[in-house]
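In what follows, a structure is listed as C-alpha cells, so that the remarks can point back to it.
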Amino acid sequence: SLIARKRRLRELSEREAAEVLRLFGQHAADGHFRRLALEADHYLRARDFLAAMKSTLTTLDALHLAIAQAAGLPLLTADRGLASAARRHG
C-alpha cells in the first residue's frame with residue numbers, strides 16, 4: 001500500500017501512518033465511501049483501457065477507472081500514473 005511504502009521510505013512516521021489508517025476507518029464508518037457492484041461492462045471498459053497501451057495502468061487500476069467513469073464519479077487518487085491515465089482516457 002501507499003502507506004506502507006511511505007513508511008519504508010521514512011516519508012511517514014509510525015504515528016502519521018496510524019492516523020491515516022484511523023481516518024480511513026472513520027470515513028468508512030461515517031459513510032463517505034460508496035460501494036458499487038461490478039458489471040460486465042466495467043471489465044470490458046478496463047480491458048479497452050489496457051488494450052490502448054497508452055499508459056502504465058495495472059489491471060486493478062484500469063478496473064477502478066472504468067467503474068468511476070461508468071458511474072460518472074470523480075476518481076480521487078494520489079497515484080500520479082492513475083491520475084494521468086484518468087485524464088488521458090477522459
Side-chain angles (χ1 to χ4, degrees):
S1 75
L2 177 62
I3 296 167
R5 189 179 90 204
K6 290 202 171 278
R7 279 290 296 131
R8 283 192 307 276
L9 296 173
R10 301 182 193 279
E11 294 176 6
L12 277 180
S13 69
E14 188 173 333
R15 184 188 58 74
E16 290 168 326
E19 178 64 7
V20 169
L21 292 172
R22 186 196 67 74
L23 282 171
F24 180 77
Q26 186 63 52
H27 289 167
D30 291 345
H32 289 285
F33 304 113
R34 265 177 57 193
R35 278 182 76 185
L36 302 172
L38 291 174
E39 299 176 9
D41 181 60
H42 297 139
Y43 292 101
L44 297 174
R45 189 183 297 227
R47 180 207 56 202
D48 292 344
F49 293 151
L50 295 169
M53 296 188 199
K54 294 181 180 177
S55 64
T56 59
L57 277 176
T58 65
T59 302
L60 189 57
D61 283 349
L63 191 56
H64 283 129
L65 179 55
I67 294 165
Q69 277 192 351
L73 296 170
L75 183 70
L76 303 176
T77 181
D79 182 316
R80 288 185 181 117
L82 178 53
S84 175
R87 285 189 297 276
R88 191 175 312 107
H89 292 292

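Below, all heavy atoms of this structure are taken into account, side chains as well, without hydrogens, waters or symmetry copies.
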I need the [X] [atom1] to [Y] [atom2] distance, nearest 0.5 Å.
| X | Y | atom1 | atom2 | answer |
| --- | --- | --- | --- | --- |
| D79 | D61 | CG | CG | 5.5 Å |
| L12 | L2 | CG | CG | 7.5 Å |
| E16 | E11 | CD | CD | 10.5 Å |
| D41 | R47 | CG | CZ | 10.0 Å |

- Query: Under 30°, 30 to 60°, or over 60°: which ring-plane class applies to H27 and H32, parallel, tilted or perpendicular?
  - Reply: perpendicular

Closest non-hydrogen atom pair, [X] against [Y]:
| X | Y | value |
| --- | --- | --- |
| Q69 | H89 | NE2-O, 3.0 Å |
| L57 | L50 | O-CD2, 3.5 Å |
| A46 | A66 | N-CB, 3.7 Å |

Assigning hydrophobic clusters by single linkage (Ile, Leu, Val, Met, Phe, Trp, Tyr; side-chain heavy-atom cutoff under 4.5 Å), is [X] placed with [Y]?
| X | Y | result |
| --- | --- | --- |
| F49 | L82 | yes |
| L38 | L36 | yes |
| I67 | Y43 | yes |

- Step by step, would you call R45 with H42 a side-chain contact (heavy atoms from CB on, under 4.5 Å)? CA-CA 5 Å; R45 189 183 297 227; H42 297 139; 5.8 Å; no

- Message: I want to check something: taking the side chain as every heavy atom from C-beta on, are R34 and L73 in contact at a cut-off of under 4.5 Å?
- Response: yes

